[in-house]
Amino acid sequence: METMGKLRRTNMCGDLSMNDVNKEVVIMGWVQKRRSLGGLIFADLRDITGLVQVVFDTDYNNDAFEKAESLRSEFVVAVKGEVRERQSKNLDMATGEIEVYIKELKILDSSETPPIYIKDNDDVSEQMRLKYRFLDLRKPSMQKNLLMRSKTSKVIRDFMYDNGFNEIETPFLTKPTPEGARDYLVPSRVNPGKFYALPQSPQLFKQLLMVSGMNRYYQIVRCFRDEDLRANRQPEFTQLDLEMSFVDVEDVIELNERLIQKIFKEVRNIDVNLPIKRMSYQVAMDKYGCDKPDLRFGYELNNISEIFKDTEFNAFKSTLENGGIIKCVKIDGSAESFSKKGISKLEKFVKTYGAKGLAWFKFENGVLESPISKFLSENEINALMKSLNIKEGDIAFIVADKESVVNNALGALRIEIAHDKNLIDENTFEMVWITDFPLFEYSEEEDRYVAKHHPFTAPVDEDLDKLESDPGSCRAKAYDIVINGDEIGGGSIRITNRELQNRMFKALGFTQEEADEKFGFLLEAFKYGVPPHGGLAFGLDRLMMMLTNSDNIRDVIAFPKTQSASCLMTEAPAFTSDKQLKELGINVVE
RNA sequence: GCCCAAGUAGUGUAGUCCGGCCUAUCAUGAUGCCCUGUCGAGGCAUCGACCCGGGUUCGAAUCCCGGCUUGGGCGCCA
């Protein structure tokens, strides 16, 4: 192998163009592909900017040609040569109008045959990609994603700086949290038996920074949650976390809209019109069955409980008697595309969300078809047809169950059908703020109210009185930004009054002692003058999925974890030595 | 914790339902040779694989049981 010697790059591969013809250039990079024609060798040279064809010609420079015969894929080389206009241009290639005739070749490193191809859309398994991530990241699409992520961070930092935010770091070694996701724990060597937790978010620290008078804080920060993974969930992920003093809901939303607008403009050259639309939590649940509606298509849900209030049909009757509801989603004019087999697949689909079944009505060739029509009265059928405005070719799917199951199942079904029917345009971005979240939700498992957002979220002013009397109907000063059915960010105005915070803890079922033990430092800080404040956190990884049109979070993270939270490249997590465990005061299991 | 899908040369696959004709298909790759306008280069030759463990059977890539790994989903994710 050789060194670069005195050679230094004058140009990047992908930047060369007709403007460089006849110039002498030095470029360096990886051999994408060598094509030998005997006395003439072509090679595509790759660096982060792209590919350029280099030519080794016996008639031009025989020394370079002879060395080039040993070149193989992924060898690292430095070449000096002359840019020439091509005889036959390759218009599929960004630099296809030119090529570089090589007069000096230095082979800086060789390479074994790579276990995966270095090209996009290579069909290689996720397992191989992750094990050889350093090679996977050589692919243009992955480099493009990571560069876009880098640019997004820069746009964010510029915006935050220009708007008076201060970037302040908060600890990674912090205190286990009682509510919320499972913590990743870190044993303390000098405090045997005690543990730090990695932060699920810097929530309390950023609030304390407001108490400190830092006015506006932000951080692009890693957060950790020891929960099961999904296509858009990693155990460690990155948030743009921000907090502002002396603000209410409108101020936070207004600032963040401008940030979103700027990101989409500068990163993707997409115009986002402000203000972004708003929707209350209640409306979102009623119409879309979830608090992160995908608004790129219709298929709204309809509550049809009223129609069946006196029904004799047992399945509906008992549902209503037990406090459940009946909702449906109507699919316009495509009844014929739903075969019996297709419908039974959808039924199986909704069952994964807890629905007991999926009823349907199909109106085709003037005939109403339904597996349950014989159980319903003519009045009920007519009322249903009328209220849903069912026309020729329509089909409606119905789920009857308790409200959460109905919303869950039909909310997912409308998305599933939209996907099946290819209704979703990947290049549109439908954004919506979801507001007026409930402050609490009831946890059957714990038999108490838990915070819907988190325990530091302020109730809306009008609902303050109901904190004790009717917690279930209290709304929160909380808001989520949803893009294309994905929750991209969320936040709230915080409680800044010690008394109110104590009432909140009480409503959540904490005793004073528990509250003091878990959040004493916050309550202590609240004794000393707290400005009104609130903020928001964006899931940066999910935002990058949007911006890069990725359907998987791993494609926007350089070194992600697998579904079982391991890293196939480093083989983390790993067993450690008994010595290390003993030092940490952890009993060694024999 | 649960459900679903997958695991065959370096890589991607066919074969698996219905066991034997599998000495396992094809593509790509790698290696060597030929070739001065290729760019999905071409031609000739060669190389290379049934996830692990157990079982059924005369016989298992194929059937059964257990496990591991990867992906998707439910629960979970304040």
| query | Between C39(B) atom P and E97(A) atom CD, what is the distance in whole Å? | reply | 19 Å

| message | Any non-hydrogen side-chain atom of I27(A) less than 4.5 Å from a side-chain atom of V54(A)? | response | yes

| said: For a 4.5 angstrom cut-off between non-hydrogen side-chain atoms, does S110(A) reach M1(A)? | reply: yes

| Would K518(A) count as a cation-pi partner of F510(A), with NZ or CZ less than 6.0 Å from the six-membered ring centre and within 45° of the ring normal? | yes

| said: Measure CZ/R35(A) against P/G43(B) and give the value in whole Å, please. | reply: 16 Å

| task | Write down the distance between CG (D183(A)) and P (C76(B)), rounded to a whole number of angstrom. | result | 18 Å

| request: Give one of base, sugar-phosphate or nothing for E441(A), where a contact means two heavy atoms less than 4.0 Å apart. | output: nothing

| Distance between the P atoms of C18(B) and C64(B), in whole angstroms? | 9 Å

| Is there a donor and acceptor pair, one atom on the side chain of T58(A) and one on the base of U36(B), closer than 3.5 Å? | yes

| Atom-pair distance (CD on E227(A); C1' on C77(B)), nearest Å | 5 Å

| message | Using atom P in both nucleotides, what's the gap between U16(B) and U11(B) to the nearest angstrom? | response | 23 Å

| note | To the nearest angstrom, the CG-C1' distance between N552(A) and G73(B) comes to 13 Å

| request: Indicate, with a heavy-atom threshold strictly under 4.0 Å, whether L568(A) touches base, sugar-phosphate, or nothing. | output: sugar-phosphate

| A64(A) versus I102(A), closest heavy-atom pair with distance | CB-O, 3.9 Å

| field | Rounded C1' spacing from U46(B) to C50(B) in Å | value | 23 Å

| P gap between U31(B) and G48(B), integer Å | 16 Å

| message | Looking at the base of G71(B), is there any donor atom on it, or on the side chain of Q127(A), that sits under 3.5 Å from an acceptor on the other one? | response | no

| request: Quote, to the nearest angstrom, the C1' distance that separates A49(B) from G29(B). | output: 14 Å

